[in-house]
> 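Questions regarding the structure given below will be posed in turn.
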Amino acid sequence: MERMMTVLRTNTFAFALVLAIALLIANILVLPAFGDPSTYETTLAGLAPFALVAMASTPQIMSGGGGIDVSIGPLVGLIGVVYAVYLQPHGLGGPELAIPIGVLLGAGVGVLNGFNIAVLRYQPVIATLCMYFILGGVSQWILPAAQSTQGGWTDHLAGSLGPIPYGLILILIPLGVWAVLRRRTSYVRTLQAVGGSDRAALTAGINVVRVRLIAYGLGGAIAAVAAFALIGLTRGADPTIGQQYTLVGIAAVSLGGTVMNGSRGGMLGGVFGAACIFLIQNLLSNLGVAPTWFQVAYGGVLVGAVVLSSRFASTGRRKEALA
């Protein structure tokens, strides 16, 4: 037991992982078919947008300074709208063009957010909230109502590539990029340093502005992957659907152990946090709980989990300070 507690304290994502496993078992007990391998494809397709939005929200939070990006959800919606209205109907909807265009659009919006925050010194919540309204308004101006995208390559994203579900592949792409950044470059270390104290990072010679611009740009690029995952799941574009993922992404990051004032955390924790949220919603649905109670139950579990996760993390920091 003591060893398990030590693991929970020293690994920021461990609590979310344990909770996700417990929720998975609960889902299987309530609905045994949920554990059938034949359902993995559908389950991972449903999980992918949650996990990708959480990963898209992670670098900004790790950059510190209250770096919460509330515009990620509407950005996901806008990229879906651009694909449905401009790319697919005009012969630009193939993956070789649509993916780079979507990633560039997402990264561009992210860098603009980063510029407003790191250079113009706007508060992150204010800057990204303004972008939230702009992106939502532009999306509804371009596409007032939901539109089908059936007939394109995105239809396959809810399926599998051989034995491997596309949902899993989409989740692994940002995780792979993050692993390369962590192991092959110094970026993740500098991001953690900036998140811990931008003043100390400046003293150490770190370009804080560049680090934050990259963080917001990276988050925007991952939002593009989330947009395609959502299109594949719903087989359509909806100008408002992405907005419901905004707070879910931030909550998943927090639940996954990433400290909201920066410095500690990572994308893997965001994936496990997103899995917890997805499994909570699925469990409540399988139990026949009225949708009006979903938010109440979800909020209560989330608050308790975040408090416990934060206590594990703070205990770990105290032990590090005494060591």
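Residue numbers run from 1 in the order of the sequence given.
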> Can you establish whether the number of heavy atoms outside Gln123 located under 6.0 Å from its atom CD is more than 12?
no
> Are Leu279 and Leu29 grouped together when hydrophobic residues (ILVMFWY) are joined by side-chain heavy atoms under 4.5 angstrom apart?
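Both belong to a single hydrophobic cluster.
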> Can you measure from CG (Leu233) to CG (Leu157) and round to the nearest 0.5 angstrom?
10.0 Å
> Strictly distance-based, threshold 3.5 Å: is any side-chain N or O of Thr39 a donor or acceptor partner for the main-chain N or O of Phe34?
yes
> According to a 4.5 Å side-chain heavy-atom criterion applied to Ile, Leu, Val, Met, Phe, Trp and Tyr, with indirect links allowed, do Val82 and Val111 form part of one hydrophobic cluster?
no
> Apply the side-chain contact (heavy atoms from CB on, under 4.5 Å) test between Ile25 and each candidate in Asn27, Ile21, Ile28; give the one that qualifies.
Ile21
> Among Ile280, Val18, Ile277, which residue meets the side-chain contact (heavy atoms from CB on, under 4.5 Å) test with Leu23?
Ile280
> Sub-3.5 Å donor-acceptor pair from the side chain of Thr58 to the main-chain atoms of Ala54, do we have one?
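Between the backbone of Ala54 and the side chain of Thr58 there is a qualifying donor-acceptor contact (under 3.5 Å).
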> Drop me the distance from Leu87's CG to Thr149's OG1, to the nearest 0.5 angstrom.
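If we round to the nearest 0.5 Å, Leu87:CG and Thr149:OG1 are 11.5 Å apart.
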> Within the side chain of Ser139, is there an N or O that forms a donor-acceptor pair under 3.5 Å with the backbone of Leu135?
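Checked: pair present.
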> Could you check Gln60 against Ile72 for side-chain contact (heavy atoms from CB on, under 4.5 Å), going step by step and ending with a plain yes or no?
CA-CA 11 Å; Gln60 304 91 311; Ile72 288 295; 3.7 Å; yes
> Do Tyr187 and Leu191 have side-chain heavy atoms sitting under 4.5 Å apart?
yes
> Side chain of Thr128, backbone of Val70: donor and acceptor closer than 3.5 Å?
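Answer holds: yes.
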> Does any non-hydrogen side-chain atom of Ile222 lie less than 4.5 Å from one of Met267?
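A side-chain contact exists here, since the closest heavy-atom pair is under 4.5 Å.
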> May I ask you to decide if Gly236's main-chain N or O and Gln150's side chain share a donor-acceptor pair within less than 3.5 Å?
no
> Among Leu168, Ile164, Ile169, find the residue that satisfies the side-chain contact (heavy atoms from CB on, under 4.5 Å) test when tested with Tyr166.
Ile169
> Nearest 0.5 Å, please: how far is CG in Leu104 from CD1 in Ile79?
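Atom-to-atom, Ile79:CD1 and Leu104:CG are 10.0 Å apart.
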> Would you say Val209 and Val194 are hydrophobically clustered, going by side-chain heavy atoms of ILVMFWY under 4.5 Å?
no
> Can a donor-acceptor pair be found, under 3.5 Å and without considering hydrogens, that links the side chain of Ser186 to the backbone of Arg189?
no
> Working to the nearest 0.5 Å, report the span between CZ of Phe15 and CG of Leu255.
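CG of Leu255 is found 7.0 Å from CZ of Phe15.
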> Any side-chain heavy atom of Ser71 within less than 4.5 Å of one from Asn113?
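Side-chain contact under 4.5 Å: yes.
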> Would you give the length of the straight line joining atom CZ of Arg212 to atom CE of Met62, rounded to the nearest 0.5 angstrom?
12.5 Å
> Please say yes or no: joined through hydrophobic side-chain contacts below 4.5 Å, possibly via intermediate residues, are Ile250 and Ile126 part of one cluster?
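Hydrophobic grouping puts Ile250 apart from Ile126.
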> Please report whether the ring centroid of Phe228 lies less than 6.0 Å from that of Trp153.
yes
> Donor-acceptor pair, distance only, cut-off 3.5 Å: does the side chain of Arg235 make one with the backbone of Ser148?
no
